[in-house]
Amino acid sequence: METEAIAASTVQKAASVVGPVILLGPPGAGKGTQAIRISQRFGIPQISTGDLLRDNISRGTELGKQAQEIMERGELVPDELVCRMVASRLTQADCARGFILDGFPRTVKQAEWLDKHLAENHCFENEDGSRRLVVIRFTVEYNQLLQRLTGRRTCPTCGRIYNIHTQPPRLDGICDIDGSVLVTRKDDREDVIIARLKTYESQTLPLVSYYAQRNRLKDIDGAGDVDRVTVEAFKAIEDGNSL
Ligand code: AP5
């Protein structure tokens, strides 16, 4: 999708302070797919709490041991554990110009924790005391989410996300970029997907009114063309940061 003009403006945007971008939306809405593109465009890191937890599981850490069964049931890992993990990630130098939170916050408690954390650390305050914070919610209807998640395949090496129905790799089961064998996530089984969607409705959906009341929420139709969704997400971030 990158023409010369877009590539030139990407270099320019990648030098600006962007502030935090929160990606909200149900499992399969395209948060991870869009986070990778936003990260490249603005030069800010993608912080996926799901990826951080899966990394802890594969390394066998104490956090990973506590999270594994919860994630396999499609429930949420306790707020304190996730907030501590995010706090530690935000201390890293690459977050100084902004960051993308993909899958966090996921409960009102996590959102309140984040507000407090950013305020206490005076992060990304404008001169008038307001904060740079853009919250994007991707909406996609239920049956499409089910189809997307059962068809998702991921590269364990570079993290690229494919879909056997809509974005297949050139060679069946093999990553186009590095040739790794693609994997299916353990929680992409139909019964677990249904549990994850229920968890989203009961625990994460209240964040929509939380951020709407604070005038932060930008809804984007997450169905249809991936590039169109990306263009709308870039615009929401640029508008929210006066770029
Ligand atoms: P996490 O890893 O965050 O999973 P999720 O929120 O369920 O979201 P997904 O990664 O499944 O979907 P996505 O929106 O990123 O979609 P994607 O871009 O991959 O969390 C996993 C678990 O960790 C949770 O269940 C919980 O237990 C725990 N956890 C994580 N964060 C937590 C927190 N804050 N608190 C407590 N617990 C936490 O796309 C999906 C598919 O659709 C792909 O195949 C893709 O190619 C395709 N696709 C994308 N866009 C389009 C499009 N426009 N058109 C067609 N296909 C598309």
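What you see is a predicted model, and the numbers here were worked out from it, not measured in a lab. Order of appearance sets the numbers: ligands from 1, and atoms from 1 within every ligand. Because only heavy atoms are used, hydrogens play no part in the values below, and waters and symmetry mates are left out as well, while side chains stay in.
- Proximity of a side-chain donor or acceptor of Thr184 to a complementary backbone N or O of Arg153 within less than 3.5 Å is not detected.
- The distance from ligand 1 to the heavy atoms of Gly103 drops below 4.0 Å at these ligand atoms: 31 (N), 32 (C), 33 (C), 34 (N).
- Look at Glu120 and Lys116 and you find a salt bridge, because one of the NZ, NE, NH1 or NH2 atoms lies within 4.0 Å of a carboxylate O, short of that distance.
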For the pair Phe99 and Leu90, evaluate side chain to side chain contact (heavy atoms under 4.5 Å, CB included) and give the outcome as yes or no after the intermediate values. CA-CA 8 Å; Phe99 45 84; Leu90 294 184; 3.8 Å; yes
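- One finds a salt bridge joining Arg196 and Asp188 here, because a Lys/Arg side-chain nitrogen approaches an Asp/Glu carboxylate oxygen to under 4.0 Å.
- Inter-residue side-chain proximity for Leu101 and Leu23 is flagged as unmet; no heavy-atom pair is nearer than 4.5 Å.
- Residue Gly224 places a heavy atom less than 4.0 Å from ligand 1.
- Near Arg54, meaning under 4.0 Å from any of its heavy atoms, are these atoms of ligand 1: 2 (O), 21 (C).
- Against a heavy-atom cut-off of under 4.0 Å, Leu149 is close to the following atoms of ligand 1: 11 (O).
- In this structure, the protein non-hydrogen atom closest to atom 16 (O) of ligand 1 is Gly30 N, 3.2 Å.
- Counting atoms of ligand 1 from 1 in the listed order, those under 4.0 Å from a heavy atom of Thr33 are 17 (P), 18 (O), 39 (O), 45 (C), 49 (C).
- Ranking protein heavy atoms by distance to atom 4 (O) of ligand 1, first place goes to Arg185 NH2, 3.1 Å.
- Protein heavy atom in closest approach to atom 44 (O) of ligand 1: Tyr162 O, 2.8 Å.
- Listed by number with element, the atoms of ligand 1 under 4.0 angstrom from any heavy atom of Val82 are 33 (C), 34 (N), 35 (N), 36 (C).
- The existence of a salt bridge linking Lys31 and Asp102 is excluded, since no basic side-chain nitrogen approaches an acidic carboxylate oxygen closer than 4.0 Å.
- The distance from atom CG of Leu207 to atom CZ of Arg216, rounded to the nearest 0.5 Å, is 14.5 Å.
- Geometrically, ligand 1 and Lys31 share a nitrogen or oxygen pair separated by less than 3.5 Å.
- At least one side-chain heavy atom of Leu197 sits less than 4.5 Å from a side-chain heavy atom of Leu145.
- The shortest contact between atom 42 (O) of ligand 1 and any protein heavy atom is with Arg148 CD, 3.3 Å.
- Using a 4.0 Å cut-off between heavy atoms, Ile70 makes no contact with ligand 1 at all.
- Under the 4.0 angstrom criterion for non-hydrogen atoms, Gly74 is not in contact with ligand 1.
- Looking only at distances, a side-chain donor or acceptor of Thr204 sits under 3.5 Å from a matching main-chain atom of Arg106.
- Within the structure, the closest approach of Gly25 to ligand 1 does not fall below 4.0 Å when heavy atoms are considered.
- For CD of Glu141, the number of neighbouring non-hydrogen atoms (other residues, nucleotides, ligands) closer than 6.0 Å is greater than 12.
- Regarding atom 26 (C) of ligand 1, its nearest protein heavy-atom neighbour is Glu75 O, 3.4 Å.
- Looking only at side-chain heavy atoms (C-beta outward), Pro169 and Leu182 come within less than 4.5 Å of each other.
- Scanning all protein heavy atoms for the shortest distance to atom 12 (O) of ligand 1 gives Gly28 N, 2.9 Å.
- At a heavy-atom cutoff of 4.0 Å, ligand 1 is contacted by the side chain of Asp187 but not by its backbone.
- With a heavy-atom cut-off of 4.0 Å, Arg196 touches ligand 1 through its side chain alone.
- The shell of residues lying under 4.0 angstrom from ligand 1, judged by heavy atoms, includes Thr166.
- You'll find the side chain of Val86 stays beyond 4.5 Å of the side chain of Gln110, heavy atoms only.
- Taking any N or O of Pro27, backbone or side chain, none lies under 3.5 Å from an N or O belonging to ligand 1.
- Distances from ligand 1 to the non-hydrogen atoms of Gly222 include at least one value under 4.0 Å.
- Checked against a 3.5 angstrom limit, the closest N/O atoms of Val77 and ligand 1 fall inside it.
- Closest heavy-atom approach to atom 5 (P) of ligand 1 within the set Gln203, Gln167, Arg106: this belongs to Arg106.
- Heavy-atom proximity to Pro26, at under 4.0 Å, picks out these atoms of ligand 1: 14 (O).
- Taking CD of Glu72 as the reference point, atom CZ of Arg185 lies at 12.0 Å (rounded to 0.5 Å).
- Near Gln110, the atoms of ligand 1 lying under 4.0 angstrom from a non-hydrogen atom of the residue are 33 (C), 34 (N), 35 (N), 36 (C).
- When each atom of ligand 1 is checked for a heavy atom of Gly32 under 4.0 Å away, the hits are 13 (P), 15 (O), 18 (O).
- Taking a cutoff of 4.0 Å between a charged side-chain nitrogen and a carboxylate oxygen, Asp79 and Lys109 do not qualify as a salt bridge.
- Here the heavy atom of the protein found nearest to atom 19 (O) of ligand 1 is Arg152 NH1, 2.6 Å.
- The N/O atoms of Asn163, backbone and side chain alike, include one that comes under 3.5 Å of an N/O atom in ligand 1.
- In terms of protein heavy-atom proximity, atom 31 (N) of ligand 1 is closest to Thr49 OG1, 2.8 Å.
- Looking at Ile161, Thr154, Val192, Val226 and measuring to atom 45 (C) of ligand 1, the nearest heavy atom belongs to Ile161.
- A 6.0 Å sphere centred on CZ of Arg59 holds more than 12 heavy atoms belonging to other residues, nucleotides or ligands.
- Contact check on Glu80 versus Arg84 returns no salt bridge, with no Lys/Arg side-chain nitrogen under 4.0 Å from an Asp/Glu carboxylate oxygen.
- The number of heavy atoms from other shown groups lying within 6.0 Å of CG (Asp225) is above 12.
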